[in-house]
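Index from 1, following the sequence. Side-chain atoms are counted along with the backbone in the values below, which use heavy atoms only and exclude waters and symmetry mates.
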Amino acid sequence: MRILISNDDGYLAPGINALAEALAPIADIVVVAPDSNRSGASNSLSLDRPLSVQRAANGFYFVNGTPTDCVHVALTGMLDYRPDLVVSGINNGPNMGDDTLYSGTVAAATEGYLFGIPAIAFSQGAYGWEHIEDAARHARDIIQRYYEALPAPYLLNVNIPNRPYEQLTTPVATRLGRRHQAEPVIRARDPRGREIFWIGPPGATKDAGEGTDFHACAQGLTSITPLQIDLTHKTQRDALAKALA
């Protein structure tokens, strides 16, 4: 198996290093990741400047762009082959519910999926990198057990609890939960007295019922949510068609 690995925390992040180390024994891997933390970059492409690709001492490639840039450059210009799987992560903290729309981790996997390649985004359920090697080992298990279980291509969003490997049980299939609207921005002043704004924290969970990724994470379970890209609101489209008739 040939696996392309990326993330949004940057090529030096413990999560991507642990994931690469765990997957190297089972696959030919190549790592193409941002040169720095690009959390919240979503599916953005850098169209206003050229991108550079450099190789680190450990063999990882790093790009001065977004997670989507990294996968896009790898698939359309860098690699002379088509990977069997695109893997993103392991992210420092969860990506659940509405957060998946903003997540650079999910975006990197999404770019692979848009090229018709099976793709999986991995995140930890809590921040801090605790038990990251265990999460990486669990991620390897998931790939080995379920890589061929779904019709390709597919896009999976996985959240793994920060627990020892022995406590990580069989994953559960989930749907995305929902959050309340985000908290207000935080006003501040820069050293020159100019007003600045920090993006506020995400909203509290709104739909965390049984079957959601939020619920599984709260129960200490690994959550796997299959995602799709079609954003068409089919019911409203039918209503719109009637209104336009």
Side-chain angles (χ1 to χ4, degrees), residues 1-9 15-16 18-20 22-23 26-27 29 31-33 39 41-43 67-68 70-72 74-75 82-125 132 134-163 168-178 211-231:
M1 185 187 301
R2 296 182 291 191
I3 299 178
L4 169 63
I5 304 175
S6 193
N7 74 347
D8 72 354
D9 290 316
I16 198 169
L19 186 59
L23 296 183
I26 68 165
I29 66 167
V31 176
V32 185
S39 296
S42 189
N43 299 87
T68 299
C70 295
V71 175
H72 190 89
L75 295 180
R82 180 183 176 87
D84 300 302
L85 179 68
V86 173
V87 174
S88 181
I90 298 170
N91 189 65
N92 182 19
N95 279 302
M96 298 183 290
D98 308 38
D99 302 341
T100 56
L101 294 174
Y102 303 99
S103 168
T105 304
V106 176
T110 299
E111 188 68 5
Y113 172 77
L114 290 174
F115 277 85
I117 301 171
I120 308 175
F122 289 103
S123 302
Q124 280 195 293
I132 186 60
D134 300 286
R137 184 179 172 189
H138 190 52
R140 181 180 65 196
D141 291 345
I142 289 172
I143 291 171
Q144 289 184 294
R145 293 174 185 172
Y146 307 115
Y147 168 66
E148 296 182 328
L150 294 173
Y154 51 76
L155 175 60
L156 303 179
N157 184 48
V158 182
N159 286 276
I160 301 172
N162 298 52
R163 293 188 170 189
L168 295 173
T169 58
T170 301
V172 294
T174 57
R175 63 178 175 85
L176 295 180
R178 293 293 307 274
T212 65
D213 45 8
F214 286 116
H215 184 268
C217 187
Q219 299 298 312
L221 302 174
T222 296
S223 162
I224 302 183
T225 305
L227 304 180
Q228 64 180 2
I229 303 303
D230 185 0
L231 300 179

ask   = Is a side-chain donor or acceptor of Tyr102 paired with a backbone partner of Ser39 at a separation under 3.5 angstrom?
value = no
query = Does Asn92 use its side chain to pair, donor to acceptor, with the backbone of Gly15 at less than 3.5 Å?
reply = no
ask   = When rounded to the nearest 0.5 angstrom, what distance separates CD1 in Ile143 from CD1 in Ile120?
value = 5.0 Å
query = What distance do Arg140 atom CZ and Leu19 atom CG have between them, rounded to the nearest 0.5 Å?
reply = 10.5 Å
Sequence neighbours excluded and cut-off under 3.5 Å, please list the side-chain donor-acceptor pairs for residues 106-115, or say none.
residue: Thr110; atom: OG1; partner: Val106; partner atom: O; Å: 2.8
residue: Glu111; atom: OE2; partner: His72; partner atom: ND1; Å: 2.8

task = Look at the side chain of Thr222 and the backbone N and O of Ile160, then say whether any donor-acceptor pair between them is shorter than 3.5 Å.
result = no
query = Counting N and O atoms only, with roles assigned by atom type, does the side chain of Asn91 sit under 3.5 Å from a partner on the main chain of Ser123, one being a donor and the other an acceptor?
reply = no
task = Taking the side chain as every heavy atom from C-beta outward, state whether Arg178 and Asp98 have any atom pair closer than 4.5 Å.
result = yes
message = Donor-acceptor check, side chain of Asp84 to backbone of Arg2, threshold 3.5 angstrom: yes or no?
response = yes
query = Do the side chain of Asp213 and the main chain of Leu176 share a donor and acceptor less than 3.5 angstrom apart?
reply = no
inquiry  = Under a 3.5 Å threshold, yes or no: a donor from one side chain and an acceptor from the other, between Ser223 and Thr174?
reply    = yes
task = For Asn157 and Asn95, indicate whether the former's side chain and the latter's backbone hold a donor-acceptor pair under 3.5 Å.
result = yes
